[in-house]
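A short write-up of the structure that comes next.
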Amino acid sequence: MCSDGRRRCLRPAGSRCRPRTRSGRSRSGRSCPHRIGRSSSTSRAGSTSRCRPRETPRAAGRFDETRRAVYTPGRLSVNPHYRPATLRPVRPLGRLRAPQPFVRGVPIVTVRTRIAPSPTGDPHVGTAYVALFNYCFARQHGGQFLLRIEDTDQVRSTRESEDAILKSLKWLGLTWDEGPDIGGPHGPYRQSERSAIYREHCDLLLERGHAFRCFCTPQRLDELRKVQQSGGQTAGYDGLCRGLSVAEAQSRALEGESHVVRMVVPRTGTCTINDRLRGTIEIDWVQVDMQVLLKSDGLPTYHLANVVDDHLMGITHVLRGEEWISSAPKHVLLYSYFGWEMPELCHLPLLRNPDKSKLSKRKNPTSIVYYERMGYLAEALLNYLGMMAWSMPDEREKFSLDEMVKAFDLSRVSLGGPVFDQAKLSWLNARYLRENLTPEQFVERVRTWALNTEYLGAVVPLVQSRIERLSDLGGLAGFFLQGTVEFRVEDLVIKGLDQEGLRRALQFTAWRLDEVTPFKSEPLGLALRQLAELCGVKAKDFLRPIFVALTGKPVSTPLFETMTVLGRDLCRARLRLAIEALGPMTAKEEKKWRKELDGVG
RNA sequence: GUCCCCAUCGUCUAGUCUGGCCCAGGACACCGGCCUUUCACGUCGGCGACGCGGGUUCAAAUCCCGCUGGGGACGCCA
């Protein structure tokens, strides 16, 4: 009788031994169809090579979450995924060692998760979505959730963006136990402040021959990529500098020659990744590039910094977007080079645009600030994010953060990429508005949203001299309180531009607006006047359709100041609505226009 | 192009692991009725999906294989 005792079954015991579900179908014909049977954890651990049944990825959620090396009185359970490293453990240099509390000589590992945003733009709803899942997972297991800023891209990272991200996550009600703003025992939590740590670790890899210096120029790499791509090969570094002797590389580096450090990646064999939801994923090493670890500016790339920090900060579970699956082998390799234990990986499905592509601000508002300014309540947005790819066991759709934490179960994550549907978000928000707020609380919400000194105070200078009675305010400045505005298409039309020219002009404006920093009156004016010139239209005419798109009216408050008050996100959204009203941009146009705009610089 | 991931109503999803309670349940959107001075809310109803083809089985949305489709990755970005 099979091991399922509930029913009579004639199958022999062990017949439940099955290939793992869903994942890796395409490859399972290669060897043992029972995927777990050939995972390296089994063979390296020296146990029998016979296939044995194991929980499927989804079922895994019902097992011990904290199983890396959990101390429970009288029992030590060990992570079945754990593989002894192929290399000797790193020598225990104080700072190189991960923090690990002990009780009677047994390490206690609590669940520690993190969100690690890169401060290179607006706070993204995708960041909030991943943060939410990490938060819930950690909280549910009584663990910690931390925030780390991944600002190793010196060119694109800004403090302004970092502040905005922190502010938005706080607005949503997500809190972290350690982070750049509140500190913690494993800081600093800003990668730009940890360069020495990465360099130290990079040196270690260099010393052990797991990494090498590369002196190739970006030009050579560009050409290489082109050749490879046209030849239909997998693009990737060809290993030229790998052939350099250590002595030569060292002396060239010493002479100050610009170079990067790349990791050594095997050219044969297969990397096995364990994903909490997807089971075993196999990627051939040839598919993995010899990734740059340390850039020529001396700062690490994501891959190095992320692995080093996750280890040093004691991260036990990495919940991140699906887009990272293909670079997971690099991370697996780095952990093994350092001799560190791999955290458990779990790749969440990506949020999608209505056309199913990865959520992008070109096709959908993605900034948390946009949703805040549109008048969505933080708890409604967070709730909505919680029903992306996840559902309550009782299928209830409205739930608070605390309720989500209590009921959270990773195995309830569904893998199909969810489309971010603003209509459903609006419905949910409406429910919060009428079900969760007393009239007094409602008043308070409206006040904190826009009827406050800060926001109204910014509007007043623009309207005070233009109205005769206070009651004129609604007519003149109502658009400041609206999310989107209605306009007449004929009000967009100007002399000297046909419909296509007009659409192009508005699209140029939308693009430029994303680049203008700070988003203030003067730089905006400068940028838009430049665009008018580019389009061959007088500034006065050029600005009119923008004006109409943003305010809904041909006459209103001064444009640049108005834009400043409305903010980037609302401006972008309204501009897009106007463009769509005139006829949405085609892919062809996008390519052509982008080129024309970039050509000007 | 190469590699990887994924696949239930238009959308979010339950059910898939542990095959039978499923000729598939809920929600959004849409359409219609009721309630109502209007609208909204509420309420009742309608429309609407297991991508296709094989296999295993007494039995397949559920397990296996193939195909198709969608997505992601292929940076001195993260």
Side-chain angles (χ1 to χ4, degrees), chain A residues 2-4 6-7 16 18-29 33 55-62 116-121 150-153 155-157 214 216-218 221-222 225 228-236 258-262 273 275 277-278 281-284 286-289 291-297 299-303 305-306 320-329 347 349-350 352 354-358 384 387-398 411-412 414-428 430-431 434-435:
Chain A
C2 81
S3 41
D4 181 353
R6 282 177 303 175
R7 282 187 287 281
R16 285 170 65 207
R18 289 223 163 91
R20 307 186 59 168
T21 56
R22 287 180 171 251
S23 56
R25 283 178 190 162
S26 53
R27 276 177 175 267
S28 53
E55 72 272 25
T56 59
R58 281 173 184 242
R62 294 180 201 125
S118 173
T120 52
E150 308 230 323
D151 56 351
T152 53
D153 185 343
V155 181
R156 296 196 305 155
S157 297
C214 170
C216 293
T217 61
L221 297 174
D222 269 356
R225 246 189 299 277
Q228 286 170 331
Q229 236 140 37
S230 63
Q233 321 165 34
T234 314
S258 175
H259 68 284
V260 301
V261 176
R262 288 178 185 275
I273 301 144
D275 182 282
L277 290 168
R278 296 159 211 264
I281 299 171
E282 292 186 337
I283 296 174
D284 290 334
V286 260
Q287 296 297 329
V288 182
D289 196 12
Q291 182 63 47
V292 170
L293 296 177
L294 209 65
K295 300 180 272 186
S296 55
D297 64 5
L299 291 182
T301 57
Y302 167 85
H303 306 280
N306 164 72
R320 44 139 67 151
E322 200 180 355
E323 59 201 320
W324 291 107
I325 292 178
S326 49
S327 39
H347 293 96
L350 259 20
R352 313 287 186 99
D355 69 0
K356 291 274 186 186
S357 56
K358 168 171 147 182
Y384 183 68
M387 54 197 269
M388 296 278 87
W390 191 78
S391 60
M392 274 286 191
D394 62 2
E395 282 199 74
R396 150 171 62 118
E397 295 195 291
K398 189 169 162 231
S411 69
R412 290 192 66 81
S414 58
L415 263 17
V419 171
F420 191 94
D421 179 12
Q422 288 189 69
K424 189 151 187 177
L425 168 61
S426 294
W427 163 79
L428 227 207
R431 284 192 61 182
R434 59 177 179 260
E435 293 171 13

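A quick note: this is a predicted structure, and the numbers were derived from the prediction, not measured. Lettering follows sequence order; numbering is per chain, from 1.
Of the two residues contacting RNA chain B, namely A:Ser391 and A:Pro300, the nearest-nucleotide position lying further toward the 5' end is that of A:Ser391. Between A:Leu425 and A:Ser258, the residue anchored closer to the 5' end of RNA chain B is A:Leu425, taking for each the nucleotide with the nearest heavy atom.
An OP1 or OP2 oxygen of B:rG15 is reached within less than 4.0 angstrom by a side-chain nitrogen or oxygen of A:Arg412. OP1 or OP2 of B:rG10 has not a single side-chain nitrogen or oxygen of A:Lys424 nearer than 4.0 Å. Side-chain N/O atoms of A:Lys356 include none lying less than 4.0 angstrom from OP1 or OP2 on B:rG10. At the phosphate of B:rG42, OP1 or OP2 sits under 4.0 Å from a side-chain N or O atom of A:Arg434. Contact annotation: A:Arg225 side-chain N/O to B:rG75 OP1/OP2 distance is under 4.0 Å. At the phosphate of B:rA27, neither OP1 nor OP2 sits under 4.0 Å from any side-chain N or O atom of A:Lys398. For B:rC77, neither phosphate oxygen OP1 nor OP2 lies less than 4.0 angstrom from any side-chain nitrogen or oxygen of A:Ser118.
Listed nucleotides B:rA29, B:rA73, B:rC5 differ in distance to A:Ala423; the shortest reach to its side chain belongs to B:rA29. Checking B:rC6, B:rC12, B:rA78 against the side-chain heavy atoms of A:Glu397 singles out B:rC12 as nearest. The side chain of A:Lys295 lies closest to B:rC77 when the candidates are B:rC5, B:rG72, B:rC77. If you check B:rA7, B:rA78, B:rC76 against the side chain of A:Asp153, the one that comes closest is B:rA78. Residue A:Ile283 has its side chain nearest to B:rC4 when only B:rA7, B:rC76, B:rC4 are considered. In the set B:rC76, B:rC5, B:rG71, B:rG71 carries the atom at the smallest distance from any side-chain atom of A:Lys358. Among B:rU13, B:rC5, B:rG42, the nucleotide with an atom closest to any side-chain atom of A:Pro418 is B:rU13.
B:rU57 is unpaired under the Watson-Crick or G-U wobble criterion, no partner having all donor-acceptor distances under 3.5 Å. Across every strand in view, B:rC50 sits unpaired, with no contact that passes the Watson-Crick or G-U test at under 3.5 angstrom. Nucleotide B:rG1 forms a pair with B:rC74, judged by Watson-Crick or G-U wobble geometry with both contacts under 3.5 Å. A 3.5 Å limit on both hydrogen-bonding distances identifies no Watson-Crick or G-U partner for B:rC21. Figure legend. B:rA40 is base-paired to no nucleotide; pairs are counted as Watson-Crick or G-U wobble with both atom distances under 3.5 Å.
For the 3.5 Å distance criterion, the side chains of A:Arg278 and A:His347 fail to qualify, holding no donor opposite an acceptor. A:Ser357 and A:Arg352 share no side-chain donor-acceptor pair at under 3.5 Å.
Atom CE of A:Met392 and atom CE of A:Met387 lie 11.0 Å apart (nearest 0.5 Å).
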Evaluate A:Trp427 against A:Tyr384 for ring pair (Phe, Tyr, Trp, His ring centres under 6.0 Å), listing each step before the verdict. CA-CA 10 Å; A:Trp427 163 79; A:Tyr384 183 68; 9.3 Å; no
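Only the C1' atoms considered, B:rA27 is 26 Å distant from B:rG69, to the nearest whole Å. Remark: the separation of the P atoms in B:rA59 and B:rC23 is 16 Å, to the nearest Å. Here the separation of B:rC6 from B:rG48, taken at their P atoms, is 31 Å to the nearest Å. Comparing B:rA60 with B:rC67, their P atoms sit 24 Å apart, to the nearest whole Å.
Backbone-only engagement by A:Glu150 is indicated by non-hydrogen atom pairs under 4.0 Å involving sugar-phosphate atoms exclusively. Among the atoms of the strands shown, only primed sugar atoms or phosphate atoms (P, OP1, OP2) are found under 4.0 Å from some heavy atom of A:Thr152. A:Thr301 comes within 4.0 angstrom of the backbone, heavy atoms only, and of no base. At a threshold of 4.0 angstrom between heavy atoms, the contacts of A:Val419 are confined to the sugar-phosphate backbone, with no base atom among them.
In this structure, CZ of A:Arg278 is placed 12 Å from C1' of B:rA7, rounded to the nearest angstrom. One atom, CG of A:Leu428, and another, P of B:rU11, lie 19 Å apart when rounded to the nearest Å.
A heavy-atom distance below 4.5 Å is found between the side chains of A:Asn306 and A:Arg320.
Checking A:Val288, A:Ile281, A:Asp289 one by one against A:Pro329, the side-chain contact (heavy atoms from CB on, under 4.5 Å) holds for a single residue, A:Val288.
For A:Glu395 against B:rG25, a side-chain-to-base donor-acceptor contact under 3.5 Å is present.
At a threshold of 4.0 Å, the pair A:Arg431-A:Glu397 does not count as salt-bridged, since none of the basic side-chain nitrogens sits closer than that to a carboxylate oxygen.
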